[in-house]
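Numbering starts at 1 and runs along the sequence shown.
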Amino acid sequence: MISFECDYNNGAHPKVLENLIKYNDAKPTPYGFDEFSERAKERIRVACGLPDAQIFFLTGGTQTNATTIDSMLYQYEGVICVGSGHINVHEAGAVEFTEHKIITIADNNGKMEAKTLDKYLDDYMHDGNKDHAVHPGLVYITFPTELGTLYTAKELDEIYQVCQHYDIPLYIDGARLGYGLMAEGNDITLPYLARHCDVFYIGGTKIGALCGEAVVFTHQNAHKHFFSIQKQHGAVIAKGALIGLQFDALFCEVETPSQTPLLEGAGSQILYYHLSEHAIKMAMRMKQLFIKKGYEFLVDSPTNQQFVIMKNEEAEALSQKVGFTHFGQTDRYHTICRFVTSWATTEEELDQLEQILD
């Protein structure tokens, strides 16, 4: 059976594995204070255009979100996100487990809108009883969104301006960041994104690494005891170099020129971009296969997640031959089927899918 179930059901890119094997006997300093992790951090700083960024490596997305959000909030504060946001629907209450409320606002195709955020914050600030409520202390968005949609540079700037107006930090979940950056029609670069938020993370687990995420605090604004907060969350691993070595490989420059023009500055030809670009190419081909067969989509996603609407019986029949996620229903007769490509998706797998659809 071929699988388009998710983008983390494969191993790691050969360059990542080569790095791990090459330095297997190096005996690095533990807990991430090693030369390989420092080298990876410097590569990330160059790619982001942030020479003074503070960078921390964690192992997985939920752990990263819970730890980072907890580090940025006082005990009486909550985090604002859209109702479809990942921390609200797919992390089993991990943020609430840290005793911080998730404050949800409406979305538009998975995206937060600046005007909606501004209205919520304005209403809160003018509420005479606001001290009886959970104080909004952080704004959370994902890029791409949970539905595979993208913010434009203008939309991101507008959200960040609202955050700055109310003196609330903006956190961007980048579990699939590369797939958003390399998507068709995207006008946000990594340096632009880094300049328009207070903290974000670069996902490795879904883009070429065995595991690992890189949290980037953009202007020396990490909690001064962030490492200790990591430790409290069980988010520090003794063999920290294992993650550093993976990002060292992912952020190495490669010789093959990228086909995507929307790259700027040093580090523009890194492996991370090329792996992401491949997934997008595969997703667009897959999208055309479903369009050719007359299927409709939940949203028009330019990223590696495609949400196809099928009759229940069609979805059930296809699931016997193809792995995908049942994402919900549009009505009692139709299923939303999520198909996901990754850095490891092959042309041969899409050939098989095309044959099955025929």
Open item on the list: Using every non-hydrogen atom in the two residues, find where Leu170 and Leu156 come nearest and quote the distance to one decimal.
Closed with: CD2-CD1, 4.1 Å
Task: Ion pair Arg285/Glu347, N-O distance below 4.0 Å - done: yes
Task: salt_bridge(Arg39, Glu35) N-O dist < 4.0 Å - done: no
Open item on the list: Is the shortest side-chain heavy-atom distance between Gln246 and Asn19 below 4.5 Å?
Closed with: no
Open item on the list: According to a hydrophobic-cluster definition based on side-chain heavy atoms being under 4.5 Å apart (Ile, Leu, Val, Met, Phe, Trp, Tyr only), do Ile188 and Ile44 belong together?
Closed with: yes
- [ ] State whether Glu155 and Lys111 are salt-bridged, where the test is any N-O pair (Lys NZ or Arg NE/NH1/NH2 against Asp/Glu carboxylate O) under 4.0 Å.
- [x] yes
Task: Neighbour count above 12 (heavy atom, 6.0 Å) for Gln164 CD - done: yes
Task: Ile2 to Glu349 - nearest heavy-atom pair and separation - done: CD1-O, 3.6 Å
Task: Linked, directly or transitively: Leu250 and Leu242 (ILVMFWY side chains, under 4.5 Å) - done: yes
- [ ] Using a strict 4.0 Å threshold on nitrogen-to-oxygen distance, state whether Arg43 and Glu253 make a salt bridge.
- [x] no
- [ ] Mark yes or no for whether Asp187, through its side chain, and Ala153, through its backbone, hold a donor-acceptor pair below 3.5 Å.
- [x] yes
Open item on the list: Do the side chains of Asp300 and Lys287 get close enough for a salt bridge, i.e. N-O under 4.0 angstrom?
Closed with: yes
Open item on the list: For Gly83, is there any backbone N or O sitting under 3.5 Å from a side-chain donor or acceptor partner on Asn88?
Closed with: yes
TODO: Provide the closest heavy-atom pair for Tyr179 versus Ala279 in the form atom of the first, atom of the second, distance.
DONE: CE2-CB, 3.2 Å
- [ ] For Tyr76 and Tyr74, run ring pair (Phe, Tyr, Trp, His ring centres under 6.0 Å): C-alpha distance rounded to whole Å, both residues' side-chain angles, the deciding distance at 0.1 Å, then the answer.
- [x] CA-CA 5 Å; Tyr76 53 83; Tyr74 289 108; 5.6 Å; yes
Task: Any side-chain heavy-atom pair of Gln306 and Phe297 under 4.5 Å - done: yes
Open item on the list: Is the ring pair Tyr31/Phe227 parallel, tilted or perpendicular, if the boundaries are 30 and 60 degrees?
Closed with: perpendicular
Open item on the list: Quick check: closest heavy atoms across Gly32 and Glu38, and the distance to 0.1 Å?
Closed with: O-OE2, 4.4 Å
- [ ] Say whether, by atom type as modelled, one donor and one acceptor occur between the side chain of Gln220 and the main chain of Asp52 under 3.5 angstrom.
- [x] yes
- [ ] For the pair Thr59 (side chain) and Gly212 (backbone), establish whether a donor and an acceptor sit closer than 3.5 Å, ignoring hydrogens and angles.
- [x] no
- [ ] Would you kindly confirm whether Tyr140 and Leu73 end up in one hydrophobic cluster when ILVMFWY residues are joined by side chain heavy atoms under 4.5 Å apart?
- [x] yes
Task: Phe226 ring center within less than 6.0 Å of Phe56 ring center - done: yes
Open item on the list: Closer than 3.5 angstrom, by distance alone: can the side chain of Tyr273 be matched with the main-chain N or O of Leu181 as a donor-acceptor pair?
Closed with: no
Task: Contact summary for Pro136 and Ile103, nearest pair of heavy atoms - done: CA-CD1, 4.1 Å
Open item on the list: Looking at Asn109, is its backbone amide N or carbonyl O close enough to the side chain of Thr149 to form a donor-acceptor pair, meaning the two atoms are under 3.5 Å apart?
Closed with: yes
Open item on the list: Tell me whether Tyr201 shares a hydrophobic cluster with Ile87, the cluster being built from Ile, Leu, Val, Met, Phe, Trp, Tyr side chains joined at under 4.5 Å.
Closed with: yes
- [ ] Keeping the roles fixed (side chain from Asn312, backbone from Arg332), state whether a donor-acceptor pair exists under 3.5 Å.
- [x] yes
- [ ] Quick one: sort the His196 and Tyr192 rings into parallel, tilted or perpendicular, breaks at 30° and 60°.
- [x] parallel
Open item on the list: In this structure, is the centre-to-centre distance between the rings of Phe217 and Phe200 below 6.0 Å?
Closed with: no
Task: Donor-acceptor under 3.5 Å (Ser37 side chain, Asp34 main chain) - done: no
Open item on the list: Classify the ring geometry of Phe290 against Phe339: parallel below 30°, tilted from 30° to 60°, perpendicular beyond 60°.
Closed with: tilted
Task: Under 3.5 Å donor-acceptor, Gln232 side chain and Ser228 backbone - done: no
Open item on the list: I'd like to know if the side chain of Asp157 and the backbone of Ile159 have a donor-acceptor N/O pair within less than 3.5 Å.
Closed with: no
Open item on the list: Restricting to non-hydrogen atoms, name the atom on Pro302 and the atom on Gly148 that form the minimum distance, rounded to 0.1 Å.
Closed with: CD-O, 3.4 Å
Open item on the list: Let's go through Glu213 and Ile202 carefully: what are the C-alpha distance in whole Å and the side-chain angles of both, what is the deciding distance for side chain to side chain contact (heavy atoms under 4.5 Å, CB included) to 0.1 Å, and is it a yes or a no?
Closed with: CA-CA 6 Å; Glu213 328 295 330; Ile202 301 170; over 6 Å; no
- [ ] Might you confirm whether atom NZ of Lys130 has over 12 heavy atoms from other residues, nucleotides or ligands at distances under 6.0 Å?
- [x] yes
